[in-house]
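Report on the following structure.
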Amino acid sequence: MSSEGLPECNVGGSVLQVGPLMPSLVRKLADDYDARRLPSDPDERAAFLADHGAEFTVAVTSGGVGVDASLMQALPNLGAVVNFGVGYDTTDVDAAHARGIGVSNTPDVLTDCTADTAVGLLIDTMRQLPAADRYVRAGRWPVDGMFPLTRDVSNSTVGIIGLGRIGTAIAQRLKAFRCSIAYHNRHRVTDCPYPYFASPVELAASVDVLVVAAAGGDSSRGLVSSEVIEALGPSGYLINIARGSVVDQDALVVALVEKRLAGAGLDVFADEPHVPEELFALDNVVLLPHVGSGTVQTRAAMEELTVRNLHSFLTTGALVTPV
Ligand code: 8YV
């Protein structure tokens with residue numbers, strides 16, 4: 001068997017691994033698909049592509065790296081980019097489609113896990129639970145007394161930027177907390193029970209918490225601008241589990257440092273894995289190392305769907321979950 005549950009196939013050396021992937025997926029690609037890995041060193045990479053670029057028909061990558069237009073050009077026989085992850089903003093989909101290259105991602109299998117992370121992060125941020133934990137560990141409770149009071153999550157108003165699969169799953173969870181939900185998308189969602197705001201600034205001005213769940217890429221870059229942050233205001237919270245690029249990170253950091261925002265919970269950043277150090281000292285900010293989908297079960301399901309896309313493309317020419 002080439003991979004569990006999938007029929008044997010003989011694909012030779014046509015699979016290219018672009019960027020780091022989960023160790024189990026790296027092994028599977030190497031063992032079952034004879035994949036080669038694109039060197040990260042620029043000189044080695046150029047030489048490798050000059051020698052082998054024409055051999056590859058599929059690139060397997062993830063949201064952290066992706067396949068840009070210049071790499072596509074160096075892979076003249078590429079037919080598919082198989083992306084581990086639901087977000088594919090690092091792959092140039094327009095350039096891919098213009099060249100007849102299919103792109104797949106891993107939707108649905110990570111929706112629940114990522115929505116769980118968003119709600120956990122929202123609670124952690126509004127209730128300052130990580131700071132309260134640090135307070136206990138530092139021995140401050142017996143010395144300094146009660147931890148400062150925080151803010152209710154239940155019954156708060158929450159604006160969701162990007163009411164797609166994950167945004168909707170976040171809203172469903174927050175309904176159990178009796179939160180009022182409103183949203184902003186590029187287009188109104190049909191048959192949606194939540195109020196729609198065409199303007200992110202107006203949405204931010206009317207909620208306690210803004211949750212960013214929009215896809216990354218050029219269409220959403222800087223959508224949460226300094227004006228949106230200002231509209232959220234000194235009693236507002238920002239939660240981002242989407243992509244750092246959706247938020248004007250410099251404006252966010254200044255607003256947090258100057259206390260023009262009540263707090264922020266951030267799982268994603270503009271230049272991962274680098275996080276602005278000004279945030280490290282702020283107890284009203286919760287910082288996570290991009291763990292939205294980071295559970296054993298969810299990553300296994302993402303890996304399985306990645307391999308199904310790869311296998312399907314190699315055996316039938318079609319992707320299972322094309323974008
Ligand atoms: C992964 C993600 O961490 O699916 C996504 O878009 O951001 C995460 O689930 C990422 O794809 C791994 O590189």
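Since the structure is predicted, the reported quantities are computational estimates derived from the model, not experimental observations. Counting starts at 1 for both ligands and their atoms, following the listed order. Just so you know, these numbers use all the heavy atoms, side chains as well, and skip hydrogens, waters and symmetry mates.
- By the 4.0 Å N-to-carboxylate-O rule, R140 lies close enough to D144 to be salt-bridged with it.
- With respect to D152 and R127, no salt bridge is recorded, no charged nitrogen being found less than 4.0 Å from a carboxylate O.
- A donor atom on one side chain and an acceptor atom on the other are found under 3.5 Å apart for R299 and S293.
- Using a 4.0 Å cut-off between a side-chain N of Lys or Arg and a carboxylate O of Asp or Glu, D41 and R45 do not qualify as a salt bridge.
- Annotation: Y196 is in aromatic contact with Y183 [ring centroid separation under 6.0 Å].
- A side-chain donor-acceptor contact under 3.5 Å links D208 and T157.
- Pocket lining of ligand 1, defined as residues with a non-hydrogen atom under 4.0 Å away: S62, G63, G64, F84, G85, V86, G87, L110, R243, H290, S293, R299, M302.
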